[in-house]
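Counting convention: from 1, in listed order, for ligands and their atoms alike. The first residue in the sequence is number 1, and the count goes up from there. Here the structure is a predicted model, which means the values were calculated and not measured.
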Amino acid sequence: MGRSTQKLSQEQKNSAQEGLSAGTTAKAGECNNRKLNIGLFGFGCVGQGLYDVLNHSQSLKAEIGKICVKDRNKTRSIHQSNFTFEQDDILSEKKHDLIVELIDDADAAQALVTGSLRKGRSVVSANKKMIAENFEHFFRLLLEKRTSFLYEAACGGSIPIIRTLEEYYDNELLRSIRGILNGSSNYVLTKMELDNLSYADALKQAQLSGFAESDPYLDVSGTDSKYKLCILTAHAFGLILRPSDILNLGIQNISEFDIEYARQRNKRIRLIAGIERSGEEYIVKVLPKFVSRTESLGTTDYEFNCIEVEGVYSDRQFFSGKGAGSHPTGSAVLSDISAITYDYKYGYRKLKKRINGHFPDFSKDADFIDKEFNLRLYIRYQNKSELEKLDINKVVEEYSSQSEEYIIADVGFTSLFKLLGEPNALFICEDE
Ligand SMILES: NC(=O)c1ccc[n+]([C@@H]2O[C@H](COP(=O)([O-])OP(=O)(O)OC[C@H]3O[C@@H](n4cnc5c(N)ncnc54)[C@H](OP(=O)(O)O)[C@@H]3O)[C@@H](O)[C@H]2O)c1
């Protein structure tokens, strides 16, 4: 396993120590309730949602200054004078003491968030892809700059899970976190089951309702869920996993046959992202799963998300709320803005506990992932040759009709990684 370390700068050492001993909550009274002037990037689904909820907020002392967007030809719902197309109009404007980043371009977002944090500005973001792909980069930067970077809306939409992990479970030994982390794919699954819609029609409705990402493949393939899982894993277990470390199989090949198969067994299909301890290692995956209609995960419908946290001592708690959409996501961003008014910062306590004068080599955290086990899977296929990639150790059921074929089998987990990055027609769902 990766145990090599890197020497810390004096600033990082001080900050890591401070975080360990004193926590990183507000210095009460010092900046409490100061008025913020926000430089906003993005005025799409979430940006407009934030604009609305901020305008209806009674007590929050914050106002939006300029809004930077991309498309000069788009018709806007508010006066054109609110907008700029030049990032620098916001980044070099000193009166913007808070940058809120709500754009759908992770690379552009990474550059502007990094630049803002380097200048010591506070930042709020909802960009799970950017955060998951650059987690260590931001963690190191925050240790140096000691500014606030909050991103509650990036995981579970309106569910306040990151601050809960940070503040409530900071000392709790956790066993597992699992949940439905993508509102769009959950909406598709619910619509297919309850309204008998085809996959294509259900996805179209999710897009029209503003739940889907600009590229809906990120939602339905489980990629978006694994970005969120990376972020939760860092806050809950102090592990920095890269998205490419995690297996994600999605619902993009699901059919009405699969929905009916689940219904016949009194089950539902849900796209579940989860991490659980397995001795010194962790089982981490994003996979569709047959869940019972009576368990908590099986009662989560439409764009709702849910997260079940299991602690060694606290046992199981269940959080549920709207995981996507303009106003629910905007309200999570608003809550972060409010937290910035009292200088709240994530403590990253579980990560900092791993630092003892030296940085662990976080790039080797994938070595903590357990891959040596079998999973019982339902696999519907169109071409039997696609099964050849998988280590099928035991077939417990086989079905074949003129139109549909599937097997239920125990499959070596590692072999599922061979399916990533190559298009295939398989629909795979975890069985009990
Ligand atoms: N939608 C949700 O329910 C949801 C939930 C949780 C998190 N998020 C996250 O929130 C972020 C925003 O999502 P969204 O759904 O609001 O996206 P969206 O509706 O597609 O809007 C994206 C906005 O970003 C602007 N933009 C894109 N590239 C830009 C650039 N380089 N510089 C300045 N502005 C740029 C666009 O400008 P134009 O208006 O000119 O096109 C648009 O206003 C994403 O990171 C997403 O993953 C979304």
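- Atoms CG and CZ, on Asp431 and Arg376 in that order, are 7.0 Å from each other to the nearest 0.5 Å.
- Some N or O of Asp71 is nearer than 3.5 Å to an N or O of ligand 1, by distance alone.
- Considering backbone and side-chain N/O of Gly47, none are found under 3.5 Å from N/O of ligand 1.
- Per-atom contact check: atom 46 (C) of ligand 1 touches the protein, criterion being a heavy-atom distance below 4.0 Å.
- Cation-pi geometry between Arg163 and Tyr344 is met: under 6.0 angstrom from the ring centre, within 45 degrees of the axis.
- Residue pairs meeting the ring pair (Phe, Tyr, Trp, His ring centres under 6.0 Å) criterion with at least one member in residues 214-246, sequence neighbours excluded, are Phe135-His235, Tyr151-His235, His235-Tyr346, His235-Tyr348, Phe237-Tyr282.
- Residue contact annotation: Ala154 has no non-hydrogen atom under 4.0 Å from ligand 1.
- For ligand 1, the atoms lying closer than 4.0 Å to a non-hydrogen atom of Ala324 are 3 (O).
- For atom 39 (O) of ligand 1, the closest heavy atom belonging to the protein is Arg76 NH1, 2.7 Å.
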Worked verdict on Phe83 versus Phe43 for ring pair (Phe, Tyr, Trp, His ring centres under 6.0 Å): CA-CA 9 Å; Phe83 296 98; Phe43 200 67; 5.3 Å; yes
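- At under 3.5 Å, not a single nitrogen or oxygen of Gly42, backbone or side chain, sits near a nitrogen or oxygen of ligand 1.
- The residue among Asp219, Asp105, Asp104 with a heavy atom at the shortest distance from atom 27 (C) of ligand 1 is Asp104.
- The pair Arg121-Asp97 does not meet the salt-bridge criterion, since no charged nitrogen lies less than 4.0 angstrom from a carboxylate oxygen.
- Polar contact check, Phe41 against ligand 1: no nitrogen or oxygen pair lies under 3.5 Å apart.
- Glu136 and Ser363 share no donor-acceptor pair across their side chains, judged by distance under 3.5 Å alone.
- Counting heavy atoms under 4.0 Å from ligand 1, residue Lys129 does not touch it at all.
- The distance criterion of under 3.5 Å between nitrogen or oxygen atoms is not met by Ala153 with respect to ligand 1.
- Taking distance alone, with nitrogen or oxygen atoms compared against 3.5 Å, Gly323 stays at or beyond that limit from ligand 1.
- Nearest to atom 33 (C) of ligand 1 by heavy atom, out of Leu50, Val69, Asn73, is Val69.
- Proximity to Lys74 (heavy-atom distance under 4.0 Å) selects the following atoms of ligand 1: 38 (P), 39 (O), 41 (O).
- Among the atoms of Ala108, none of the N or O lies under 3.5 angstrom from an N or O of ligand 1.
- Cation-pi geometry between Arg265 and Tyr261 is satisfied (NZ or CZ under 6.0 Å from the ring centre, within 45° of the ring normal).
- Annotation: cation-pi pair Arg140/Phe359 present, NZ/CZ under 6.0 Å from the ring centroid and within 45° of its normal.
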